[in-house]
Amino acid sequence: MRESPARHDLFRLPLPREFFDRSVVEVARDLLGRILVRVADDGICAGRIVETEAYLSRNDSASHSFRGPNRKNATMFLGPGLLYVYTIHARCCMNVVTEPEGVASAVLIRAVEPLEGLEAMARRRGTTKVLDLARGPARLCEAFAVHRQFDGWDLTRGEQIWIAACDTDPEPKDVGMSSRIGVTSAGDLKLRFFLKGNRFVSGPRRLSAG
DNA sequence: AAAACGATCTACT
DNA sequence: GTAGATCGTTTTG
């Protein structure tokens with residue numbers, strides 16, 4: 001994909017703290033269309049966020065912060081605009097902490113549409129299939145070289161990794177939402193948002209709305 | 001020390 | 001769409 005100077009300048013502006021200091025659902029929806037930017041020694045890359053999932057603070061048993069702060073989830077309690085990275089199934093997933101300090105709500109970034117630095121992503125992922133580069137939270141982390149070491153990273157600094165304020169797909173956003181009540185124990189509520197019709201969205205894109 | 005549990009992925013039908 | 005792999009973390013004895 002060709003790289004235009006104008007676009008590159010837009011990628012440079014990190015979203016400010018206030019952006020993240022809002023309701024987690026609001027942030028999850030508003031993150032769609034924004035650009036995730038990664039500057040690393042082994043390559044620069046960027047992608048448009050097409051799928052997110054909101055995790056509602058410690059009142060939601062599906063959230064990692066449900067049982068209160070501990071060694072692993074500490075970042076979630078430290079305030080908006082931080083990156084929370086955790087491991088699962090021997091892989092990493094990245095979250096953006098939202099809402100005021102202590103609330104511990106976060107948005108899981110589930111997929112991006114690769115825009116720039118496809119070569120770097122392909123190298124890190126071990127595949128050249130564009131569809132498989134960053135669709136899925138763990139694949140995304142691998143493609144963008146995000147590991148546990150980035151847990152607690154301040155996204156508003158605009159260094160190494162951040163989310164650009166620009167929106168490549170200005171209004172009106174065609175946002176889809178799929179919610180489901182947890183089948184397990186205490187009714188877990190999951191709120192997944194995605195850009196409708198985008199082929200980089202993972203999983204079943206059933207339900208409409210939005 | 002052992003067992004169970006995933007905010008997942010891949011392969012395959 | 002679903003079964004099976006996979007391994008760090010948490011929970012249990």
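The figures here come from the full heavy-atom set of this structure, side chains too, leaving out hydrogens, waters and symmetry mates. The sequence lines fix the lettering, A, B, ..., with proteins before strands; numbering per chain opens at 1.
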For [X] and [N], give me the distance from atom [atom1] to atom [atom2], rounded to whole Å.
X      : N      : atom1 : atom2 : answer
A/E53  : B/dT8  : CD    : C1'   : 12 Å
A/D151 : C/dG8  : CG    : P     : 17 Å
A/I88  : B/dG6  : CD1   : P     : 9 Å
A/R110 : B/dT8  : CZ    : C1'   : 9 Å
A/K129 : B/dA11 : NZ    : C1'   : 11 Å
A/N73  : B/dA7  : CG    : P     : 13 Å
A/F66  : B/dC5  : CZ    : P     : 17 Å
A/E51  : B/dC9  : CD    : C1'   : 14 Å

Heavy atoms from C-beta onward define the side chain here; which of [options] lies closest to that of [X]?
X     : options              : result
A/K72 : C/dT9, B/dC9, B/dA7  : C/dT9
A/H89 : B/dC9, B/dG6, B/dA7  : B/dG6
A/R67 : B/dT8, B/dA7, C/dT11 : C/dT11
A/N70 : B/dT8, B/dA7, C/dT10 : C/dT10
A/T87 : C/dG8, C/dA5, B/dA7  : C/dG8

Contact class for A/R71 vs. all strands (heavy atom < 4.0 Å): base, sugar-phosphate, or nothing? nothing
Going by 5.5 Å between centroids and 30° between planes, is there a stack of A/Y86 over B/dA7?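 No; centroid distance or tilt outside limits.
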Distance only, no hydrogens: is a donor on one side chain within 3.5 Å (strictly under) of an acceptor on the other, for A/T127 and A/D132? no
Scan side-chain atoms only and decide if A/R135 and A/S202 contain a donor-acceptor pair under the 3.5 Å cut-off.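 Result is no, nothing qualifies.
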Could you let me know what B/dA7 is paired to, Watson-Crick or G-U wobble, both distances under 3.5 Å, or none if it's on its own?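 Looking at the geometry, B/dA7 pairs with no nucleotide.
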Would you please indicate if the ring centroids of A/Y86 and A/H64 are separated by under 6.0 Å?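 Centroid distance A/Y86-A/H64: below 6.0 Å, so yes.
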Which residue lies more 5' along DNA chain C, comparing A/R148 with A/R91 via nearest heavy atoms: A/R91
Below 4.0 angstrom from OP1 or OP2 of B/dA7, is there any side-chain N or O of A/R192?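 Result: no.
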Is any side-chain N of the basic residue among A/E142 and A/R124 closer than 4.0 Å to the acidic one's carboxylate O?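 A salt bridge is absent here (no side-chain N lies under 4.0 Å from a carboxylate O).
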Is it true that the NZ or CZ of A/R22 lies under 6.0 Å from the centre of A/F19's six-membered ring and within 45 degrees of the ring axis?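 Here A/R22 passes the 6.0 Å and 45° test against A/F19.
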